Amino acid sequence: MNFDVAFGQYCEGDSILHRLDPRAKIIMSLLYIVDVFLAKNVFAFALLTSFTVAMAVLSRIKPRILLRGLKPVIFIMIFTGVINVFWYRGAEGAKPLVDWWIFTIYPAGILNAVLIVLRVVLLIAGTSLILTYTTTPLALTDGLERLLSPLAKIKVPVHEFSLMMTIALRFIPTLIEETGKIMDAQKARGASFSEGSLVKRAKALIPVLVPLFASSFRRADELAVAMECRCYRGGKGRTRMNVLKATFKDFAGVIVIILLGVSLVLLNKYTDAFALGF
Amino acid sequence: MNLNTEKCAAEFRGVSFTYNKGIAYEKKAVRSVSLKIYGGCVTGLIGSTGSGKSTLIKMLNGLVKPDEGEVIVDGTNIWDKKVKIRDVRFKVGLVMQYPEYQLFDETVSEDIAFGPKNMGISGDELKRRVAEAAKFSGLDPDLLEKSPFDISGGQKRRAALAGVIAMTPSLLVLDEPAAGLDPAGRREILGRIKNYQRESGNSVVIVSHSMEDVAKYCDRLAVMNKGEIVLYDETDRVFSHGEELRDMGLDVPEITKVAEELARLGVDVGNDVYTVKYAAERLIEKYGLGK
Ligand SMILES: Nc1ncnc2c1ncn2[C@@H]1O[C@H](COP(=O)(O)OP(=O)(O)OP(=O)(O)O)[C@@H](O)[C@H]1O
Ligand SMILES: [Mg+2]
């Protein structure tokens, strides 16, 4: 098993994207997703791509790290790309580029495939740039809690949910590390996790899961005691240490993404004559 | 001291290891270390926090695969294609830091039996090994049928130690076996490890942060600093490098400090005394201050 995949992808930094209010960033990334689906033709995609590249430059996150984030979806990208190359014919009466055996490829098909793959890439790169790479998981839950706080009025336990999420986020890396340690310890006693039948492998996990559960319960206990000792008693009337304050730049950020969407719609509409895809 | 320097239990040949190679938090933990661990003695490994001790000893049983270099156990390279890494793990018994958190089985004795069972041992031989290992690590026989979650911390530590000793490894490696124990617990567990070494004739490697402990129980010492082995010699000779050790954030045993202070006052007993007994012998030998 490979535990090198760090949980959460936050990359430390001090760029403008890092400093935006998490609430603004959550809204921005939702709007950005809408924007990505608004783009319909080459020109709109060109604008969207340049915008996303500009964000990447602003964030000062290494391109290598950004590319690594795309790794898990590479298969989907190739699959949709290939399917589209063969399936899409474009306008009626278009001349095929290749027509050999069962393969017929139209120019529009290639373009379409490129745009669809590009859409997936932009979707992942853009949202991770706005949210996961530049926002700490804690800031994220904090922002989410504040955004959802109106729901508390209709008795949705927003604070409790957000506390659960914060605690979970805090302990996931610890659990991963602990799992690695326990697996090492059992391997040292000759346990083997990658040999034998499925049943045998499942059984081999018992020596890992039992200590892991035991220590999780112990940790939960200790945490509860520590919180009680400091008089924690739930959400009502709690003040915060870092109060989120939306400033001009946060509103500006949201507006920029809205403007991007508007420009995309306009580009779709007025560059229709050159439109090749869709 | 009858060091069997001919017999070599394990050897590192220019091993290096980097965590998270190629990504953001790259960390070079071990830098081209070459070291021979001799047979039939207790070798101590000391070094400040983060110097790479745990990483280095995990190479001995193949939990960490070096990026460069070779690890030789019993004369064979453990990463050779013909070698099964599991067999290496039966030869090199590794007790990790805070091993009490790895106990899982219903009873202490079954937990101790986990390692030997993995080796394919069963029946009377298994029972004999469990009983022997429990005795070696100082577990009361009536604890053996209890749940490992119902015994005290010190007892858990002993149970975990027994779980590795039951595999009768020819090289026993312990990562801070005495961490977090009270002084009596420390003495007891380290004494038992030393005893195990003497009675079985096998070799032992102990990682420790306590200079007093390594001075008392180790025949040879390796000092690690920033991923490299900077000193490797017999215990007394290592402790005669007081200045260097202090520069690395380490120290020398209290009695060595006394000796250094005495030397400053003109009573030279040598700066390599590391136990009170040894210091007393030196004083008597040098100044004849006998009874
Ligand atoms: N799983 C890991 N991932 C990334 N870096 C690690 C990992 N384990 C250790 N390191 C780093 O490698 C270096 C050496 O760690 P190691 O645990 O070997 O030190 P150590 O000498 O055993 O320290 P200590 O005395 O505190 O146990 C440290 O700087 C540590 O931060
Ligand atoms: Mg360590």
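Keep in mind it's a predicted model, so treat the numbers as computed, not measured. Every heavy atom of this structure was used, including side-chain atoms; hydrogens, water molecules and symmetry mates were not. Just so we're on the same page: letters track the sequence lines, and every chain starts at 1.
- Residues from residues 89-111 of chain B that place a non-hydrogen atom less than 4.5 Å from a non-hydrogen atom of chain A comprise B:Arg89, B:Phe90, B:Leu94, B:Met96, B:Tyr101, B:Gln102, B:Leu103, B:Phe104, B:Asp111, given in numerical order.
- Of all the listed residues (A:Val210, A:Asp184, A:Ile206), the one sharing the greatest number of non-hydrogen pairs under 4.5 Å with chain B is A:Asp184.
- Note on A:Pro211, A:Pro207, A:Ala188: by heavy-atom pairs under 4.5 Å with chain B, the leading option is A:Pro207.
- Applying the 6.0 Å contact sphere to CD of B:Glu125 captures more than 12 heavy atoms from other residues, nucleotides or ligands.
- No more than 12 heavy-atom neighbours from other residues, nucleotides or ligands sit within 6.0 angstrom of CZ on A:Arg60.
- Put simply, CG on B:Leu63 and NZ on A:Lys187 are 6.5 Å apart, with the number rounded to the nearest 0.5 Å.
- Of the two parts of B:Lys58, only the side chain, counted from C-beta on, holds a non-hydrogen atom closer than 4.5 Å to a non-hydrogen atom of chain A.
- Within 6.0 Å of the NZ atom in B:Lys194, the count of heavy atoms belonging to other residues, nucleotides or ligands exceeds 12.
- With a 6.0 Å radius and a threshold of 12 heavy atoms from other residues, nucleotides or ligands, B:Asp80 has its CG atom above the threshold.
- Crowding of A:Phe79 atom CZ: a count of heavy atoms from other residues, nucleotides or ligands under 6.0 Å not exceeding 12.
- Crowding of A:Lys249 atom NZ: a count of heavy atoms from other residues, nucleotides or ligands under 6.0 Å exceeding 12.
- For a residue to count as touching a neighbouring chain, one of its non-hydrogen atoms must lie under 4.5 Å from one of that chain's; by this rule B:Met167 touches chain A with the side chain only.
- Within a 6.0 Å sphere centred on NZ of B:Lys156, heavy atoms belonging to other residues, nucleotides or ligands number more than 12.
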